[in-house]
Peer 1: 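Take a look at this one; I'll ask things after.
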Amino acid sequence: GGEASTPEEDARMALVVRAMLRGFESQCYHYETGLLEEEEWQALRTTIRVGCNLPWASKYYEELKPQMSARLVNVVEGPD
């Protein structure tokens, strides 16, 4: 629920979200280089947007955003 996390839990969650974002970065790169079909990309794009906007992930997304590529930020925050 709405319980506060311990520093250890917070650090673990930050690592999980960082790993998730690295995977998303890779998927963006694969799309840009033509390694993904358009249909695959559209499904992944939706997953990326939803994943980064989940309540438990959005806090870490905002903290890690300065370290992310512009292409990933655009996927998460850009127009549909």
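Residue indices begin at 1 and follow the sequence shown. Since we're looking at a predicted model, the values are computed, not measured.
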Peer 1: Can you tell me how far CZ of Phe24 sits from CG of Leu72, rounded to the nearest 0.5 angstrom?
Peer 2: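 Taking CG in Leu72 and CZ in Phe24, the distance rounds to 8.0 Å.
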Peer 1: Within the supplied structure, the quantity of interest is the number of heavy atoms (other residues, nucleotides, ligands) at a distance under 6.0 Å from Glu37 CD; does it exceed 12?
Peer 2: no
Peer 1: Between atom CZ of Arg18 and atom CG of Leu64, what is the distance when rounded to the nearest 0.5 Å?
Peer 2: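 Rounded to the nearest 0.5 Å, the CZ-CG separation comes to 5.0 Å.
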Peer 1: Applying side chain to side chain contact (heavy atoms under 4.5 Å, CB included), name anything that partners Glu32, two or more places apart in sequence or on another chain.
Peer 2: Arg71
Peer 1: For Ala57 and Gly51, which heavy atoms make the closest approach, and how far apart are they?
Peer 2: CB-O, 3.3 Å
Peer 1: When rounded to the nearest 0.5 angstrom, what distance separates OH in Tyr61 from CG in Leu54?
Peer 2: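 Those atoms lie 13.0 Å apart.
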Peer 1: Enter the distance from Gln27:CD to Leu35:CG here, rounded to the nearest 0.5 Å.
Peer 2: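 CG of Leu35 is found 12.0 Å from CD of Gln27.
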Peer 1: Hey, could you give me each pair passing salt bridge (charged side-chain N to carboxylate O under 4.0 Å, His left out) that has a residue in residues 46-69? Not counting sequence neighbours.
Peer 2: Asp10-Lys59, Arg49-Asp80, Glu62-Lys65, Lys65-Glu77
Peer 1: Are Tyr29 and Leu44 connected, step by step, through hydrophobic side chains (Ile, Leu, Val, Met, Phe, Trp, Tyr) whose heavy atoms are closer than 4.5 Å?
Peer 2: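 No; tracing contacts between hydrophobic side chains, which count when under 4.5 Å, never links both residues.
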Peer 1: In Å, rounded to the nearest 0.5 Å, how long is the span from OG1 of Thr47 to CE of Met20?
Peer 2: 11.0 Å
Peer 1: With side chains defined as the heavy atoms from C-beta onward, is the minimum distance between Cys52 and Tyr60 less than 4.5 Å?
Peer 2: no
Peer 1: Return the set of residues passing side chain to side chain donor-acceptor pair (under 3.5 Å) with Arg22 (not counting sequence neighbours), or none when no residue passes.
Peer 2: none
